[in-house]
Amino acid sequence: MTSPADHAQLRAELDTLTTEAFRPELADIDRRSTLDIARTMNAEDATVPAAVAERLPEIAAAIDAAAARMARGGRLIYAGAGTAGRLGVLDASECPPTFNTDPSDVLGLIAGGPSAMVTAVEGAEDSKDLAAEDLTAVKVSDMDTVVGISASGRTPYAIGAVEHARSLGALTIGLSCNAGSALAAAAEHGIEIVVGPELLTGSTRLKAGTAQKLVLNMVSTLTMIRLGKTYGNLMVDVRASNEKLRARSRRIVALATGAGDREIEAALRSTDGEVKNAILTLLGDVDAPTAARLLDAADGHLRAALQAALPH
């Protein structure tokens, strides 16, 4: 049971956070027209990319470190509560269809477990121990990268995840939206995207959530680019699990090679639908088994495999 003194301390903490600040100039927002509120909100949202831009060097350094771990067989693990946790789970869940990663390579942990994706689990975010238990359950090691996500930068679950992971030698990244946060301080790579007070006081699913989504997009996408999951700006590791993605696979092969439909179909058939392998058979003029061998030797990097296939 939380005591009145604990409540007072928490309120005092929240009063110091820019993400929780009250904006008197918006106190009449419920009396404005819908169009006026929409314009105000849109103008607020437009400030977020600039806040992210200020932290690009820190973001890039964290991504390079994470990619180096993953290249050696490590995993990318997001950990957060509430909106932050949901954004981590979302980013992780999109990696297998986009980059053909194993579902265990990029994980999203949310305080309270999977049910917390749709229903708030009261008190889950307040436990550092719960974060340590969740990381233990997925066998986190010094090969992995753990990204703690928290708009306030004070969420015990996110801080606990980073602290536990760091104690095991894992690479740690702390993503928050307040300056001088405990989360950034606990992590090896602290990233603080200061977006300022929200349109609705303390509703950090708004600008803070948008900032976190933008950064997580960078973390996963740029890490996968560094790991050779793309060829130029083409998603050559896309997993063709439905008709739309099968059509996209054919289009990617066409864009990469300039080959005709018949050649593309034959290449994809010979490589069991693997886009990267199909491109290599066409551009490198090799058969499917050779393409697979060259890509394996190049750790999946198509440019390196293509260089090895072509006569010097």
Side-chain angles (χ1 to χ4, degrees), residues 2 4 6-56 58-59 78 80-91 93-94 108 110-112 115-126 148-158 174-184 190-221:
T2 308
D6 290 332
H7 278 300
Q9 182 182 349
L10 176 56
R11 183 173 175 182
E13 279 184 36
L14 295 178
D15 284 343
T16 68
L17 303 177
T18 60
T19 51
E20 298 288 332
F22 173 68
R23 298 174 62 180
E25 76 276 17
L26 296 177
D28 67 342
I29 197 167
D30 57 328
R31 301 174 66 184
R32 300 182 189 182
S33 72
T34 301
L35 179 57
D36 185 34
I37 299 171
R39 282 181 175 140
T40 302
M41 190 168 181
N42 181 244
E44 290 284 305
D45 291 341
T47 67
V48 176
V52 174
E54 291 181 11
R55 293 291 172 258
L56 289 178
E58 292 98 316
I59 295 169
Y78 299 124
T83 297
R86 293 182 191 103
L87 288 168
V89 172
L90 172 65
D91 201 71
S93 68
E94 289 174 342
I110 182 169
S115 64
M117 282 295 292
V118 292
T119 307
V121 178
E122 298 302 330
E125 71 172 52
D126 295 328
I149 315 166
S150 164
S152 68
R154 61 159 299 280
T155 306
Y157 183 87
L175 173 59
S176 83
C177 294
N178 280 296
S181 67
L183 177 59
I191 301 171
E192 296 174 329
I193 312 296
V194 182
V195 294
E198 298 285 6
L199 182 88
L200 298 180
T201 306
S203 183
T204 52
R205 72 184 187 89
L206 301 179
K207 287 191 298 185
T210 300
Q212 291 165 355
K213 172 62 173 163
L214 291 177
V215 174
L216 295 180
N217 281 351
M218 287 186 187
V219 170
S220 57
T221 303

Side chain to side chain contact (heavy atoms under 4.5 Å, CB included), paired with Ile193, selected from Leu214, Val52, Thr210, Asn178: Val52

Residue pair Leu175 / Gln212, side-chain heavy-atom distance below 4.5 Å: yes

Separation of Leu90 CG from Asn217 CG (nearest 0.5 Å): 8.5 Å

Interatomic distance, Leu206 atom CG to Glu198 atom CD [nearest 0.5 angstrom]: 5.0 Å

Minimum heavy-atom distance between Glu20 and Gly202, given as atom pair plus value: OE1-CA, 3.6 Å

Side chain to side chain contact (heavy atoms under 4.5 Å, CB included) between Leu199 and Leu26, worked out: CA-CA 7 Å; Leu199 182 88; Leu26 296 177; 4.0 Å; yes

Short side-chain to backbone donor-acceptor contact, Thr47 and Glu44, under 3.5 Å: yes

Any donor-acceptor N/O pair, Thr119 side chain to Ala116 backbone, under 3.5 Å: no

Arg32 side chain vs Ile37 backbone, donor-acceptor pair below 3.5 Å: no

Ser181 and Arg154: CA distance, side-chain angles, deciding distance, side chain to side chain contact (heavy atoms under 4.5 Å, CB included) verdict: CA-CA 7 Å; Ser181 67; Arg154 61 159 299 280; over 6 Å; no

Residues, nucleotides or ligands: over 12 heavy atoms within 6.0 Å of Arg39 CZ: no

Shortest non-hydrogen separation from Ser176 to Gly153 and the atoms involved: CB-CA, 3.6 Å

Under 3.5 Å: donor-acceptor pair, side chain of Ser33, backbone of Asp36: yes

Test side chain to side chain contact (heavy atoms under 4.5 Å, CB included) applied to Arg86 and Ile110, Ile149, Val118, the passing residue: Ile110

Nearest-0.5 Å distance that lies between atom NZ in Lys207 and atom OG1 in Thr19: 10.0 Å

Lys213 side chain vs Leu87 backbone, donor-acceptor pair below 3.5 Å: no

Closest non-hydrogen atom pair, Ala81 against Thr155: CB-CG2, 4.1 Å

Derivation and outcome, side chain to side chain contact (heavy atoms under 4.5 Å, CB included), residues Val89 and Tyr78: CA-CA 7 Å; Val89 172; Tyr78 299 124; over 6 Å; no

Side chains of Met218 and Leu56 in contact at under 4.5 Å (non-hydrogen atoms): yes

